[in-house]
Protein chains: 2
Amino acid sequence: MTQRTAKPIPQKPDARDDADERAFLAAYDAAEFPHPSVTVDVAPITTADGALHALLVRRTEHPAKGRWALAGGFVGMKESLDDAAERVLATKAGLSGIFLEQLYTFGDVNRDPRTRVISVAYYALVDHARLRRAQPEKGEVVVARIDVPWEGEAGGRVLALDADGCELPLAFDHADVLGLVVKRLRGKLDYAPIGFQLLPRRFTLRQLQEVHEAVLGRDVNKDSFRRSVLARGLVAATGEMEKDVPYRPAELYRYVNPDRARES
Amino acid sequence: MTQRTAKPIPQKPDARDDADERAFLAAYDAAEFPHPSVTVDVAPITTADGALHALLVRRTEHPAKGRWALAGGFVGMKESLDDAAERVLATKAGLSGIFLEQLYTFGDVNRDPRTRVISVAYYALVDHARLRRAQPEKGEVVVARIDVPWEGEAGGRVLALDADGCELPLAFDHADVLGLVVKRLRGKLDYAPIGFQLLPRRFTLRQLQEVHEAVLGRDVNKDSFRRSVLARGLVAATGEMEKDVPYRPAELYRYVNPDRARES
DNA sequence: GCACCTTGGATGCGACGAGCATATATGCGC
DNA sequence: GCGCATATATGCTCGTCGCATCCAAGGTGC
């Protein structure tokens, strides 16, 4: 809310509030004090091979040149935070129309060596095939495996590994940001429909279970998982079967929003 | 895993990176683009009479002059967001040393009529007696009853009522902020130790139950509540009893952090 | 075609916790 | 002492979760 930290604005008398307020706003000078820079950083997340993965962007400029970072950008004066996150996700990561949610705002004084930068972090959830096809307007990207060195929802920073298992150096405090993404996803997974966002529209229950195991970092009981998913009514059978598998094909399901009807 | 998607960036010679980065930082001009204002808004929360209450501050300046608002202030260039929230809580609400946690960042373009203001919202948890004694450095405050017009974790804006049940007009989007506080508290209550923050150091299990009922907005089963609280090992009996009650006094408990030892 | 393997999908059992009822304990007012 | 309100403990039921078992269905090798 609103209050001015430093020298107070010259006081005006109290009456005629509307005209008074208009006059106040006309005289208001937003540039009176220095303001911090505000950015959004977006972590596009998927699951594969039993682990979480995140798309990272190689920094081509200082600071942290050459290191890997989340897709980020400054917030425009006339765009909301959500709009800025969508724009950054589209331009820096080449992804649009996918699930996007605010995570946390990082505002330590020295987190960016340039100047005071406050960063509103978002995470985006997308299925693995789509993330692999992601093509930004320019720049080098990588889909890094997230290595979580803690259990459950303890929290803490995580590591980003390339295909050979080598650690990718992360820029700024992005190892903390990604750690908080993991913690948040683990906390929300069993009561919010976020597992479906990491899969294509049609999926088998086994795939959904593998997504949960990748997010949680532990095995889940197969039968209990199936029962609880089906009992919650969040998925509907399509009658179709998966193809080209060397064993008994499983039925394909789709996510149904219990509130409103949805496309198939 | 990892894959490089796009055309490689024209590489600059990689050596002398440190000196290079120092030169870049020296030439960086933070005032090159206009920046939004960044504020913190703190909602001091307690429970009483079976409902959530929040401390609100009367605005003495435009905009929204005369309306009630969360305790807020601009973020200084050399203080972290958490530090700013602590400072605002101390100066605007007269409270210090209490539980404080970031909630969400509100950044719609027109949420403040003056200029672009991005607000990082926090909530603070404090026991009722302490909130009633809170005395800011200056200004008029009120402890408003929060009326939640929705059930469970549906979410949405809430109303602030004074002692007579009359609605208090809220400034900016603070009805939404308070609504999100309620939603967050309801979601975290049963797996995070936040109920204890709303009580004095020593409390009866009945008091803890009443806190839970006030936050959740519904009754909870007494015996199940007692059993689960005791089984989780988050509280320890003190051996003391409550005094001056016209019925059998209950034993006083205290919160124990299961990780590290704590004071009694 | 047939044996065999692998995975999908259903059923049954026991453990555990939540909700509910009951019984007993304890301080106060009469 | 007696009644009352509340605290505190115990027993019961029921739903859910974890675990084991069984059958179904498709592919592979002979």
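Chain identifiers are assigned alphabetically (A, B, ...) following the order of the sequence lines, protein sequences preceding nucleic acid strands; residue numbering begins at 1 within each chain. Keep in mind that this is a model prediction, so the values were computed, not measured.
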(message) Students often get this wrong, so: under 4.0 angstrom with heavy atoms, is A:Lys243 touching a base, only sugar-phosphate, or nothing?
(response) nothing
(request) Return the set of residues passing side-chain hydrogen bond (donor to acceptor under 3.5 Å, both in side chains) with A:Arg111 (not counting sequence neighbours), or none when no residue passes. (result) A:Asp173
(request) Please list, chain by chain and in numerical order, all residues satisfying salt bridge (charged side-chain N to carboxylate O under 4.0 Å, His left out) with B:Glu240, sequence neighbours excluded. (result) B:Arg202
(request) Would you please name every residue forming a salt bridge (charged side-chain N to carboxylate O under 4.0 Å, His left out) with A:Arg248, sequence neighbours left out? (result) none
(request) With a 4.0 angstrom cut-off to heavy atoms of chain B, pull out the first and last contacting nucleotide of DNA chain C, in 5'-to-3' order. (result) C:dA18 to C:dC28
(message) Can you list everything that forms a side-chain hydrogen bond (donor to acceptor under 3.5 Å, both in side chains) with A:Asp176? Sequence neighbours excluded, please.
(response) A:Arg157
(message) Show me the pairs that pass side-chain hydrogen bond (donor to acceptor under 3.5 Å, both in side chains) and involve residues 89-102 of chain A, at least two apart or across chains.
(response) A:Glu101-A:Tyr123, A:Glu101-A:Lys188
(message) Taking ring-ring contact (aromatic ring centres under 6.0 Å, His included) as the definition, give me every residue that meets it alongside B:Tyr253, ordered by chain and number, with sequence neighbours left out.
(response) none
(request) Please name all residues satisfying side-chain hydrogen bond (donor to acceptor under 3.5 Å, both in side chains) with B:Thr105, sequence neighbours left out, ordered by chain then number. (result) A:Thr105
Could you write out each protein N or O paired with an N or O of nucleotides 20-30 of chain D at a distance under 3.5 Å?
{"unit_1": "D:dA24", "atom_1": "N3", "unit_2": "A:Arg248", "atom_2": "NH1", "d": "2.8"}

(request) Could you tell me the separation between the CZ atom of A:Arg226 and the P atom of D:dC19, rounded to a whole number of Å? (result) 17 Å
Quick one: which protein N/O atoms are closer than 3.5 Å to N/O atoms of nucleotides 13-15 of chain D? Pair and distance per line, please.
none

(request) Looking at every strand, decide which applies to B:Ser228 at a 4.0 Å heavy-atom threshold: base, sugar-phosphate, or nothing. (result) sugar-phosphate
(message) Please enumerate all residues that pass side-chain hydrogen bond (donor to acceptor under 3.5 Å, both in side chains) together with B:His128, with sequence neighbours excluded.
(response) B:Arg132
(request) Enter the distance from B:Leu56:CG to B:Leu178:CG here, rounded to the nearest 0.5 Å. (result) 6.5 Å
(request) With DNA chain D as reference, determine whether B:Leu252 or B:Arg227 sits nearer its 5' end, using the nearest nucleotide of each. (result) B:Leu252
Show every donor-acceptor pair shorter than 3.5 Å between a side-chain atom in residues 160-171 of chain B and any protein atom, with sequence neighbours excluded, or say none if there are none.
{"unit_1": "B:Asp162", "atom_1": "OD1", "unit_2": "B:Asp164", "atom_2": "N", "d": "2.9"}
{"unit_1": "B:Asp162", "atom_1": "OD1", "unit_2": "B:Gly165", "atom_2": "N", "d": "3.1"}
{"unit_1": "B:Asp162", "atom_1": "OD1", "unit_2": "B:Cys166", "atom_2": "N", "d": "2.9"}

